[in-house]
Amino acid sequence: MTDERIRLVTMPKWGLSMTTGEITDWWVTEGEEVTEGADLADIDTDKIAGPLEAEGPGTLRRIVVGKGSRAPVGAVLAVQAPAEVPDSEIDTVVAEAQQRNAELAEAVESGAEDTGPAAQTVTVGRRALSYLSVGEAGSDGVATVLVHGYGGDKDSWLFLQPDLGSDRLVHALDLPGHGASSKDVGNGSVDELAGALLGFLDEVGAARAHLVGHSLGGAVAATAAVSAPERVASLTLLAPVGLGEAIDADYLRSFATASSKREVKPLLGRLLADPSAVTRSMVDDVVRFKRLDGVQAALQRLCEAMLDGDRQAVALPDSLAQLDVPVTVVWGAQDTIVPNPGDDVLHARLPRARIELLDGAGHMPHMEKAGSVLASLRG
Amino acid sequence: MSATPERLLESYRIMRTIRDFEERVHKEFATGEIPGFVHLYAGEEASAAGVCANLDDRDAIASTHRGHGHCIAKGVDPVAMMAEIYGRATGACRGKGGSMHIADLDKGMLGANGIVGGGPPLVCGRALGSKLQGTGGVAVAFFGDGASNQGTTLESMNLATVWELPAIFVAENNGYAEATSSTWSVACDDIADRAGGFGMPGVVVDGFDYFAVHEAAGEAVARARDGGGPTLIEVKFTRYFGHFEGDQQTYRGGEVNEARENLDCLKRFRERVTSAGELRGEQLDAVDREVADLVERAVQEAKAAPTPTADDLLTDVYVSY
Amino acid sequence: MARTITMREAINEALSQEMGRDERVIVMGEDNAGGAGSPGDADAWGGVLGVTKGLYHRYPGRVLDTPISESAFIGAAIGAATSGMRPVAELMFIDFMGVCFDQIFNQAAKFRYMFGGKAVTPATIRTMYGGGFRAAAQHSQSLYPIFTHIPGLKVVTPSTPYDAKGLLVTAIRDDDPVIFCEHKALYDITGDVPEDLYTIPLGEAEVVREGGDVTIVTLGRMVHTVLEAAEQLASAGVAADVIDLRTTSPLDEDTILESVEGTGRVVVVDEATPRCGIAADIASLVASKAFGSLQAPVELVTAPHTPVPFSDVLEDLYVPDAQRVVNAAKAVTSWSR
C-alpha cells in the first residue's frame, strides 16, 4: 500500500466455513465521515448476519462492493481515506482492489479455497449417524463430542468446532432424526438418543469423551453421562433441557410443523437474543432439513417426548448431582426457549457445576457468543 | 358358450334399461328441459350389453359421446345418470359433466368422452395398469366409425400390441360419423380389416345380435386375460335417432324403420331366449315393467332435484391447489 | 447428505428413489430405456438426453420404451394414473405437445371437475423446453404458458438441481396431473442436492436474492440470467429482489405481491413469447393487486413474438440476456412522473 492514510475495509471471516458474505446494506454513503467502531454495513454469511464495524476513522471514499452483492472473505468492500487523499489515488486503489476481488472470487468458485473436512457416517444399530471430525487426538486420547439440540445439526457448532479442534479431536454428530443421520428416532425419548450417542462413541473409538450438549442435546449428553459415567471426562451443558420445568412449548410444536420459510424465519428469531441475526441461509438450511422425508414425523415424536402439556416432560435423574466429573452449565441470559431455571435449581441439581450466564445470548450461546463458550470449553 | 338364465335376464334388463332410458331422454329433450347436447344409443344396446356381460369389477371401459348405454351396461346408476343429464347436483358428476361426461371410476367406467378418439389411449393406460398390477383385468375402448379414423385410435391399437396389453377395441360402426357415411369415410371395407396392420385379430359382428357380440367379446376378453394381447371387434348396426337430439337426419335413408322392424336387438333377444326355453316371456315382461318404473322414477327425481350452487363452480378442479 | 450433482442427475435420482419407494411409479417415453427390441443394449440411451439412464435395469418392467406415438402413450400414462399407478411420462420436447395435447388438456385436466370430483389423476409429464441449442422453431419453444392456462393442470419449471429433485418428487406424489418442464440448457448445471428424498411444495416461489429496490420475477433458465443481471445491478447501486416462481400453476401470488409492496418497481423476465404469457400474467397480477404500491410501469423482458430462429446470431438475440434485464431494471428504478 502506497499511502498509509488509506484504509481498506475487507470482508471479515466469521466462522471457519465462511467463504463468502453478502452485503445486505450499507449504513454509510460515499463521502461520509466514519468513526472507529461505527457500523459500516450489514453482512450476511452462510449462518449468521451481523454488522461490520469500522476498524478506524476516515472518510468513506468509495464503496467497492455494493448492497446486495456477495464477495469472498478478504475482498475489499470499501475504501476509507481522509479527504486530502486525491481521487486519482483512490481510483488506483479501487482498481487494484477490484482485480484482487475478482481473483479471490475465482478461487472460491473453483473450490481452491479449503472447504474443510468432509462429513463421515457410522452405523449405530439400525441407524446411520453422520458426523464431522476436526483436529487430532491429544496425548490423553480423549475426544470432545458436540451434541446439538432439537431441530439442529452438526453444523450448529461451526463457530466453535474449528477453533476448538486446533488442539484436540472434536466430533460433532447429527442425532437420529436430524441432519444427514437416519430419521428414525424410535420412541423419541432422551434415553433412546443417549443410547445412540453412546453407540456413536463406540463406533468412533472414543473410550472416554468430553461431552458438550446443547438444549435437548444437553439432556442427551447428561443422560449418557449418568448411564455410563466411565465414558465421560467432562460434561458441558448449554441451555440444557431436563433441569427446569419451563419451556417454550409453542416453539417446539410450531417448529415441528413449520414447512415454509415464512413460518420458519420468525421461529428462528425466537432462538436468538437479536432476531435480526437470522440469515437467509439459516432459514434455507432449516427449511431444506424440514422437507426431507421422515423429518416431520421425527420432530413430532421428539416434541411429544419432550413435552408434558406446555411444561418439560424430561427430568434428568437426581444421580446427576453425584457425577464425579467437571460439569459446566452455560445459559444465555435472554434465552426464552428453555429459560434458565435459576441459581437455586441449578445449585440443587448440580451442586458442583460451574455456572456461566452469558449476556447478549438467547438460546444459541454457541452461535451468538461463540467466543465466550469457546473460552469456557477451554477451561 | 352357454349363459345362465340369471345372466341372460340381467343382459335383457340392461338392454331394456338403455332403450327405455334413451327413448325417454328423446321425449324429454323435445320439451326443452334438458340442456346441452345429447347423443342417444338406442338401437345399439346389444353392443354395450354383449361386451360388458364378459366384464367384472377388475375391468374398465372408456366410452364415447354416445355413452349412456355403456354407462348403464357397466353398472352406473340410471337415476344418477338422468339427474346428470338434467344438470342437477344429485347427478353422477354433480351436474358438472352432463350427458357427454358421465363417469363412475369405481365401476370401471372411465367416462363418456366429448372428444372423438379420446378413449383408446386411456384404455391402453388402464390395461397397462392391470398388467403391471397383475389383476387380470382388461380394458375396453368403445369408439365409433368416426373415431376409427382418428390417429389416437390407430396409435393406441399399435401401442396395445407393442406393449402386449389386455385391451379390447370395440368399433361401433353405426354407419354415420355425424352426418357422413362410414362407407365413404372409412377407406377399407371393414374397420376390422385394420386389425392386421396392428398385429391383432379383427372380427366383424352383427351389432343387433346380442349373442354374436357376447361371443366375440368373450373370446377377446379371454385372450386378453390370458396375456394374448388386444383384439379389434367391429360391431355393425344403426342408431335409431340422429347424431344428436335435434338432428333432422336428412342425410339418412330408410334404415331405421327397417332395423326397428326386423333387426331390433331386444326383439331378437326375446325370440331367441323364449323359443330356446332359456327364459319365459313373463320374466321379460316383468323386467319391462320394472325398467319402466325405474326410468319414470329417474326422470321425476331428476326434475325434482336441486341444481348445483355457486359454490360448486370452483370446487374439484384439483385434489389440492 | 448433500453433494454437488447435475440437474440431470438430480432428476434421475428423484425418479429412481421414488421408483424404489413406491412400486406404483413407472416411467415411459420415447427411448426412455432406448434400445427396446434392438440388437444392442436394451438400455442404450436413457432418454434422448440420458435423464432416465440406468433406471431400466434397476426397475425391470417399469421403464417402458414407447413407439413415437405421443397421443397414445401420454394418454396411456393418464389412463394408468386413473387405475392407481403413478406414471411419469416423458414428452421429449415440449414442442411435441401439439400431437398429444387433447389427452392432456381435454382428458387429464378435466377428469376431476367433469366427473364431479371423483377422479384422481396422478400423472406426471416431464418435458424439455427452451432455446440455446440452435434447435430452431420446433424444438426450442417455452410453451409452459399454454399448460398454465389450463385449469386442472399444475406446471413446474425448476431452475436448480435441488429444486428439480424436490419438485419432481412432489409432482410424482401429487394427486393431480403435473407438467414438469425441464430447460434443456440446465441439465448440466450443478448444485447441492441431498441424497435423501425430500419434497418442495408446489406453489411456493423462492426469493433467490433480496435487494429491495426492484422486484424481478422470473423462472426456469432465466433465473440464472437474472441473477447475473442482479450482480451487475448491485455494482451499479440497484439492489434487486429476485423471485423464482418455481411453479407457474399454482402461482405464489403472495411472495410476488409482498416484494412489490416493498419495491414498487417490477420487471418480469420470461424466455417465452410475450402474448398471453407468464410475464403478462404477472404484470396483470401486480397491476390489479398492488397498484397502490407501483411507482413505475411494469417492464416485461421476454422473447419477441416470433418463432425461435435457428441461426446462432438470431437465437442469441431472441433469448433474453442479462443486459436486457439490467436495462429494464434501470428503466423502472429511474422512472418518475
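A, B, ... follow the sequence lines: proteins, then strands. Residue 1 opens every chain.
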Is the C/Tyr144-C/Phe147 ring centre distance short of 6.0 angstrom?
no

Winner by heavy-atom pair count (cut-off under 4.5 Å) against chain B, out of [options]:
{"options": "C/Ile26, C/Leu202, C/Asp102, C/Thr121", "value": "C/Asp102"}
{"options": "C/Gly116, C/Gly117, C/Pro122", "value": "C/Gly116"}
{"options": "C/Gln103, C/Glu70, C/Arg112, C/Lys110", "value": "C/Arg112"}

Filtered by a 4.5 Å non-hydrogen cutoff, the part of residues 79-86 of chain C contacting chain B is C/Gly79, C/Ala80, C/Thr82, C/Ser83, C/Gly84, C/Met85

With a 4.5 Å limit on heavy-atom distance, are the side chains of [X] and [Y] in contact?
{"X": "B/Ser47", "Y": "B/Val170", "value": "yes"}
{"X": "C/Glu90", "Y": "C/Ile125", "value": "no"}
{"X": "C/Asn12", "Y": "C/Leu15", "value": "no"}
{"X": "B/Ile18", "Y": "B/His68", "value": "no"}
{"X": "B/Ile102", "Y": "B/Ile85", "value": "yes"}
{"X": "C/Val48", "Y": "C/Met128", "value": "yes"}

Look at [options] and state which one has the largest set of heavy-atom pairs under 4.5 Å with chain C.
{"options": "B/Gly98, B/Ser156, B/Gly118, B/Gly129", "answer": "B/Gly118"}
{"options": "B/Thr152, B/Asn158, B/Leu313", "answer": "B/Leu313"}
{"options": "B/Leu132, B/Ile115, B/Asp104", "answer": "B/Ile115"}

Can you tell me which portion of [X] sits under 4.5 Å from chain B's heavy atoms? Options are side chain, backbone, both or neither.
{"X": "C/Glu23", "value": "neither"}
{"X": "C/Phe73", "value": "both"}
{"X": "C/Asp174", "value": "side chain"}
{"X": "C/Lys154", "value": "both"}

Please flag which part of [X] lies under 4.5 Å from any non-hydrogen atom of chain C: side chain, backbone, both or neither.
{"X": "B/Leu105", "answer": "side chain"}
{"X": "B/Glu84", "answer": "neither"}
{"X": "B/Thr135", "answer": "neither"}
{"X": "B/Asn113", "answer": "side chain"}

Is the ring pair B/Phe37/B/His39 parallel, tilted or perpendicular, if the boundaries are 30 and 60 degrees?
perpendicular

Classify the ring geometry of B/Phe169 against B/Phe143: parallel below 30°, tilted from 30° to 60°, perpendicular beyond 60°.
perpendicular

Do [X] and [Y] have side-chain N/O donor and acceptor atoms under 3.5 Å apart?
{"X": "C/Arg58", "Y": "C/Ser16", "answer": "yes"}
{"X": "C/Asp95", "Y": "C/Gln138", "answer": "no"}
{"X": "C/Asp281", "Y": "C/Ser284", "answer": "no"}

Is a side-chain donor or acceptor of C/Asp65 paired with a backbone partner of C/Asn32 at a separation under 3.5 angstrom?
yes

